[in-house]
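The chains referred to below are lettered A, B, ... by the order of the sequence lines, with proteins before strands, and numbering in each begins at 1. Basis for what follows: all heavy atoms, side chains included, without hydrogens, waters or symmetry-related copies.
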Amino acid sequence: MPELPEVETVRLSLLPAIGATITSAWDSAKGLHMQKKPPRAKLGKLVGATITGLRRNGKYLLVDTDRPESLLVHLGMTGRVRLHAAGTPREKHAHVVLGLGDRELVFSDARRFGQIDVVERAKEKEHAALAGLGPDPIVDGIDAAAFYKRSRGKKAQLKAFILDQTVLAGVGNIYASEALWLSKLRPTKRAHRLTAKTAEALAQAIDVVLRTSLENHGTSLRDFVDGDGAEGSNYDYLKVYDRKGQPCARCKTPIRRTILQGRATYFCPTCQAP
DNA sequence: ATCACGACCTGGAGGC
DNA sequence: TGCCTCCAGGTCGTGA
């Protein structure tokens, strides 16, 4: 479900949790793909802590507390974080529930590709998940010159290049296709073929595509909802993703779907030059 | 070192 | 209805 705009939408919807005190911690005992067991002992250490802030780094969400630790959450493909009244029937795939008095914060994830952990803020940059993340396009902005420099000598296809979280943190499969369409670049083009000018156009397109989606509260393809359970409306504004066969918004050529690195990729064969 | 691919899971949609 | 196949907003480990 979640790329940068979706995670940011979740973050904003959870802001009302700031000031709440964590009164209990429950976990399902079920593992996630990257963790065999929930970090039960560490979660327990958060009981009594007060939530002081919410941050986002790429696709990672950080729930800060008045203790030295923060909760780190990644939504994987189907992860959800919901803030709702205590006593709400437990979702089928709930993995962690933090009681907040009369409310609760619930992390659920059907496919279990997500991650949840407790990190020491002072050392968070050393956490495997956050170490090596590239700049966040919204928090840090995109430095077009640095982006271009990073592409030098890279034989990877542009689609793979912009999905690389060490290049930019937060771009995922939908917005990769969208940004390449907007900048008129073919997803299979090799990164080292970028020029300073086309690299800048791509950087600019990534920025536009992410900000547009943010304004629309993210793209709800199938699973995505924010902390209140609301869907985003950005699906209606996608130009190519999930639009196979539909006319290109620029030139009317039917949009094509292909598989790159095992992932669905959409592009216009006419206006996205090879 | 790079790069491309399969694996990890569950559930919804569509075909028959 | 039910069964089968395909597909999905991510990331990691492997092997070429």
Side-chain angles (χ1 to χ4, degrees), chain A residues 1-11 28 30-37 56-61 72-81 91-95 107-117 127-134 137 150-180 187-193 206 209-210 212-214 216-226 231-244 257-266:
Chain A
M1 102 189 198
E3 303 182 36
L4 187 156
E6 290 73 34
V7 180
E8 178 65 7
T9 298
V10 170
R11 188 187 74 83
S28 66
K30 250 190 169 178
L32 299 167
H33 180 218
M34 273 175 287
Q35 301 161 271
K36 285 200 195 115
K37 302 231 168 171
R56 182 189 55 71
N57 195 180
K59 301 173 191 173
Y60 291 88
L61 185 66
L72 174 71
V73 182
H74 190 286
L75 302 174
M77 291 281 253
T78 50
R80 292 179 172 187
V81 179
E91 291 163 61
K92 187 176 176 186
H93 298 288
H95 289 99
F107 170 73
S108 61
D109 184 0
R111 290 177 72 184
R112 292 193 262 144
F113 289 168
Q115 253 190 92
I116 189 156
D117 202 358
H127 191 279
L130 302 176
L133 275 190
R150 193 71 158 69
S151 70
R152 297 304 78 199
K154 285 272 183 194
K155 286 193 184 165
Q157 298 178 135
L158 281 181
K159 171 101 182 302
F161 178 66
I162 60 176
L163 282 174
D164 181 346
Q165 301 297 295
T166 71
V167 173
L168 290 174
V171 178
N173 203 42
I174 292 179
Y175 304 115
S177 279
E178 292 295 313
L180 288 163
T188 46
K189 193 179 180 92
R190 302 286 163 173
H192 70 280
R193 300 273 189 215
I206 290 169
V209 157
L210 295 178
T212 300
S213 181
L214 265 174
N216 296 317
H217 311 289
T219 301
S220 291
L221 202 55
R222 36 181 65 77
D223 298 300
F224 173 68
V225 293
D226 70 11
E231 296 190 344
S233 60
N234 196 62
Y235 181 87
D236 296 338
Y237 301 90
L238 298 179
K239 304 293 190 188
V240 288
Y241 192 88
D242 206 27
R243 300 272 186 255
K244 179 185 171 184
R257 175 185 186 274
T258 186
I259 302 289
L260 255 35
Q261 284 85 47
R263 323 223 28 215
T265 306
Y266 298 83

- Would you say A/H217 has more than 12 foreign heavy atoms packed within less than 6.0 Å of its NE2? no

- Query: Roughly, in whole Å, what's the span from CG in A/L221 to P in B/dG11?
  - Reply: 18 Å

- Query: Heavy atoms under 4.0 Å, any strand shown: does A/Q165 hit a base, just sugar-phosphate, or nothing?
  - Reply: sugar-phosphate

- Specify the separation, in whole Å, of atom CZ of A/R150 and atom C1' of B/dC3. 14 Å

- Task: Using the P atom on both, measure B/dC9 against C/dC3 and round to a whole Å.
- Result: 24 Å

- To the nearest angstrom, the CZ-C1' distance between A/R222 and B/dG14 comes to 13 Å

- Query: Okay, side chain of A/D109, backbone of A/F113: is any donor-acceptor separation there less than 3.5 Å?
  - Reply: yes

- Message: Ring of A/Y237, cation from A/R243 - is the NZ or CZ under 6.0 Å from the centre and inside 45° of the axis?
- Response: no

- With respect to the side chain of A/H74, which nucleotide from C/dA8, B/dG11, C/dG10 is positioned closest? C/dG10

- Message: Side-chain N or O of A/K155 versus OP1/OP2 of B/dA4: is the shortest distance under 4.0 Å?
- Response: no

- For C/dT11, does either OP1 or OP2 sit under 4.0 Å from a side-chain N or O belonging to A/K59? yes

- Using whole Å, report how far CZ of A/R257 lies from C1' of C/dC6. 10 Å

- Note on the structure: In A/Y175, A/Y235, A/Y241, the residue satisfying side chain to side chain donor-acceptor pair (under 3.5 Å) with A/T219 is A/Y175

- Task: Report which part of the nucleic acid A/A160 touches: base, sugar-phosphate, or nothing (heavy-atom distance under 4.0 Å, all strands).
- Result: nothing

- Under 4.0 angstrom between A/Q261 side-chain N/O and B/dC5 OP1 or OP2: no

- Return the value, rounded to whole Å, for the distance between atom CG of A/D109 and atom P of C/dT11. 12 Å

- Message: Suppose we define a pair by two distances each less than 3.5 Å, Watson-Crick or G-U wobble; what does B/dC9 pair with here?
- Response: none

- Any donor-acceptor pair under 3.5 Å joining the side chain of A/R263 to the base of C/dA8? no

- Note: for A/G262 and A/H33 on DNA chain B, the residue whose nearest nucleotide lies more 5' is A/G262

- Ring-base stacking, A/F113 with C/dT11 (5.5 Å, 30° cut-offs): no

- Would A/L163 and A/L168 satisfy side chain to side chain contact (heavy atoms under 4.5 Å, CB included), going step by step from the backbone distance to the final call? CA-CA 8 Å; A/L163 282 174; A/L168 290 174; over 6 Å; no

- Item | A/K92 vs B/dT10: side-chain N/O to OP1/OP2 distance below 4.0 Å | no

- Is the base of B/dC9 touched by the side chain of A/R112 through a donor-acceptor pair closer than 3.5 angstrom? no

- If you check the A/R190 side chain, which of B/dC3, C/dC7, B/dT10 turns out closest? B/dC3

- Short side-chain N/O contact from A/H93 to OP1 or OP2 of B/dG11, under 4.0 Å: yes

- Query: Please give, in whole Å, the distance from B/dT10 P to A/E91 CD?
  - Reply: 17 Å

- Task: Look up atom OG1 in A/T258 and atom NZ in A/K159, then write down how far apart they are to the nearest 0.5 Å.
- Result: 9.0 Å

- Message: Nearest whole Å is fine: how far is C/dG10 C1' from A/Q35 CD?
- Response: 14 Å

- Task: Quickly work out the A/K154 NZ to B/dC3 C1' distance and round it to whole Å.
- Result: 9 Å

